[in-house]
Amino acid sequence: MVVVGADTTESIKTIEFAKAFPDRLFQLGIAEPNMISVAAGLAAAGKIPFAATYSVFGSAHTYNVIRQNVAYTNLNVKIFCSHAGLTVGPDGATHQINEDIALMRGIPRMTVLVPADGPETAKCVDAAGAMKGPVYCRFSRTNVPTVTSAEDGFAIGKARVLRDGFDVTLIGCGIMVARCLEAAATLERERISARVINLSTVKPLDLATIDRAARETGGIVTAEEHTVVHGIGAAVASAIAANHPVPIAMVGVQDVFGESGEAEELLHKYGLTAEKIVEGAHDVLKRRDR
Amino acid sequence: MVEVSEQLIAGLKKKAVTLRKHIIRMTHNAQSGHPGGSMSACDIVTALYFHILRVDPSNPTWPDRDRFVLSKGHACPVWYAALAERGFFPVEELMTFRKLNSRLQGHPELGTTPGVENAAGAEGQGLSFSVGLALAARMDHKAWRTYCVLGDGEQDVGQTWEAAMAASKYGLDSLTAFIDRNGIQQEGRTEDIMPLEPLAEKWEAFNWHVLTIDGHDFRQILAAIEEAHRTRGRPTAVIARTVKGKGVSFMENKIKYHGAATSDDELKLALAELEAMEAAF
Ligand SMILES: Cc1ncc(C[n+]2csc(CCOP(=O)(O)OP(=O)(O)O)c2C)c(N)n1
Ligand SMILES: [Mg+2]
């Protein structure tokens with residue numbers, strides 16, 4: 001395993017790897033396209049490179065390099081990016097990438113991971129390193145409550161049901177998983193039983209778990225710290241449309257850019273809250289019962 | 001060389017201290033942002049906005065204005081401070097920097113902030129944007145000039161050199177690039193992260209007219225701009241040797257203050273130092 005970095009190794013903590021293995025981290029400066037192709041070269045010669053930086057630079061900024069040098073060539077490069085989504089906060093729209101899941105899941109052969117918390121991020125690192133082929137994994141800078149535990153099973157391609165329920169299913173990824181659980185608790189007080197699924201693998205999608213949720217609960221709400229254009233909402237919608245169509249509501253960024261502000265303020269302003277997930281559930285139930 | 005009066009220099013020095021105070025207050029108030037690179041570019045930005053640029057604060061989109069492009073967008077506190085002091089928007093608005101619903105975004109946004117000419121945040125796009133501006137000025141037979149400020153960390157970015165080639169291909173002599181050579185990028189010294197030297201020779205090899213100056217000496221800054229104006233057929237790169245965090249002793253040359261605001265105690269110390277400097281004029 002080797003790591004390549006782009007002047008952000010301290011803030012995303014890959015510097016810790018360099019402390020243990022000083023000759024296995026390559027600091028390539030503010031040159032992300034170069035970083036990705038260097039990683040591809042390392043992979044072609046048998047190394048397992050982890051390329052890590054902020055999500056906006058590790059995805060959108062380097063998109064065609066990833067497409068050609070990593071995915072098309074089917075190389076064993078693992079792109080792990082922090083600082084995804086609105087919760088980057090005061091840096092503003094330039095740094096708040098809400099389109100990376102869309103970009104990455106559109107690339108053939110790419111595995112796309114969005115862990116819900118710290119323990120799950122660690123499992124993503126292990127699982128990505130153990131599999132062959134390109135991986136993109138995105139997570140946020142902000143503090144998140146821990147919703148999984150070290151003992152929970154984890155496998156790429158398997159969505160995990162965190163809470164069972166029968167009236168509606170809430171499917172979230174990343175920081176929105178905790179908010180789905182919060183919404184489920186609110187719904188329970190209203191005597192609505194909500195299933196909660198942690199969709200930490202966005203691609204390949206766990207069709208069986210999603211199909212079962214559609215059949216058994218009859219309605220779905222998705223929640224992501226990402227645009228609803230081609231994010232997990234769109235992925236789930238096309239899966240259920242092809243198998244067992246049920247009403248769906250999508251909580252996420254509504255095709256707009258973010259702005260400067262504190263993480264919580266932004267989540268509130270852009271509607272990425274447990275309340276919006278609850279509203280989405282009400283909406284789905286209303287449409288289903290019509 | 002044109003005469004530069006003592007009075008002009010004293011006025012610019014004083015203005016630069018005012019801008020530095022704004023930078024410290026804005027980033028402290030936001031408890032985030034990038035004071036170091038704002039302070040290192042401060043004297044260049046001051047010279048441009050308070051002596052060189054033909055701009056009209058009451059008409060920010062005046063078509064014949066000179067264009068200032070901040071490629072290293074994270075240093076926008078210095079830009080916002082200069083624009084406010086120049087009258088593009090109220091000075092009080094500076095305290096909304098990085099807050100929700102503010103016109104002063106954490107990185108510059110074109111069309112939102114009066115006087116801001118380019119969107120930046122991802123490093124390395126500003127010089128290309130400046131090439132586009134300079135090409136348009138030439139097409140329209142306009143006399144306005146384009147000034148672009150880049151970080152030395154941006155010399156890592158491949159696109160900077162793509163722009164450098166395009167600018168010399170088209171002989172864009174209305175374009176002047178300032179390279180804020182403070183020797184530090186986000187997490188270390190440039191020569192450790194990605195060695196840049198010999199930097200002047202690189203720009204020369206890309207067929208630019210190259211000057212190396214002390215980026216905190218107003219006489220040298222103004223003389224360099226004068227020479228750029230006189231230079232025909234080639235763009236000018238001014239490699240400005242600067243100190244990151246310049247103006248506040250405990251921030252100078254400290255990697256930490258690339259992207260860290262001052263604490264409450266540091267704020268007091270920093271403002272006291274700057275006020276003492278101001279009082280000396
Ligand atoms: C493409 C890109 N990669 C990474 C970053 C994160 N980043 C922000 S500022 C910075 C360092 C900038 O150094 P420099 O250009 O020297 O700026 P200055 O010292 O003048 O503040 C980095 C790596 C970025 N903004 N853009
Ligand atoms: Mg620098």
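Lettering follows sequence order; numbering is per chain, from 1. FYI, side chains are in, hydrogens and waters are out, and symmetry mates aren't considered; it's all heavy atoms of this structure. Not measured: the values here are computed from a predicted model.
Heavy-atom distances place both the backbone and the side chain of D91(A) under 4.5 Å from chain B. Contact of A120(B) with chain A is made through the backbone alone, with heavy-atom distances under 4.5 Å. Of the atoms belonging to F257(A), not a single heavy atom falls under 4.5 Å from chain B. Only the side chain of H34(B) comes within contact range of chain A, with heavy atoms under 4.5 Å apart.
The distance from atom CG of D156(B) to atom CE of M35(A), rounded to the nearest 0.5 Å, is 12.5 Å. Taken from CD in E259(A) to CZ in R103(B), the straight-line distance is 14.0 Å, to the nearest 0.5 Å. Here the straight-line distance linking atom CD1 of I30(A) with atom OG1 of T160(B) works out to 9.0 Å at 0.5 Å rounding. The distance from atom OG1 of T8(A) to atom CD of E187(B), rounded to the nearest 0.5 Å, is 6.0 Å.
Counting heavy atoms of neighbouring residues, nucleotides and ligands inside a 6.0 Å radius, atom NZ of K21(B) exceeds 12 of them. Counting non-hydrogen atoms of other residues, nucleotides and ligands closer than 6.0 Å to CG of D23(A) gives a total above 12. Heavy-atom contacts from other residues, nucleotides or ligands closer than 6.0 Å to NZ of K47(A) number 12 or fewer. Other residues, nucleotides and ligands place no more than 12 heavy atoms under 6.0 Å from the OH atom of Y72(A). In R24(A), the CZ atom is crowded: over 12 heavy atoms of neighbouring residues, nucleotides or ligands sit closer than 6.0 Å. Atom CZ of R67(A) sits in a sparse spot, with 12 or fewer heavy atoms from other residues, nucleotides or ligands closer than 6.0 Å. The neighbour count for K169(B) NZ, taken as heavy atoms of other residues, nucleotides or ligands under 6.0 Å away, does not exceed 12.
Here Q185(B) is the residue among Q185(B), Q155(B), E109(B) with the most heavy-atom pairs under 4.5 Å with chain A.
Side chains of L100(B) and E262(A) form no contact here, defined as non-hydrogen atoms less than 4.5 Å apart. A 4.5 Å side-chain heavy-atom check between Q105(B) and T94(A) finds every atom pair outside the cut-off. Residues Q27(A) and D192(B) have side chains not in contact (no heavy-atom distance under 4.5 Å, counting atoms from C-beta outward).
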**Report entry** Chi angles and distances behind the side-chain hydrogen bond (donor to acceptor under 3.5 Å, both in side chains) call for Q186(B), E10(A)
**Finding:** CA-CA 9 Å; Q186(B) 177 161 303; E10(A) 217 173 275; over 6 Å; no
Query raised in the report: Are M194(B) and D7(A) close enough, and set up right, to give a side-chain contact (heavy atoms from CB on, under 4.5 Å), and what steps lead you there?
Result: CA-CA 9 Å; M194(B) 185 55 67; D7(A) 201 16; over 6 Å; no
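Scanning both residues, E123(B) and H61(A), for their nearest heavy atoms gives O-CE1, 4.5 Å. In plain terms, the two heavy atoms of S260(A) and G106(B) that are nearest each other are OG-N, 2.7 Å. Considering every non-hydrogen atom in both G121(B) and F57(A), the closest pair reads O-CZ, 4.5 Å.
Here the side chain of H107(B) pairs no donor or acceptor atom with the backbone of G92(A) at under 3.5 angstrom.
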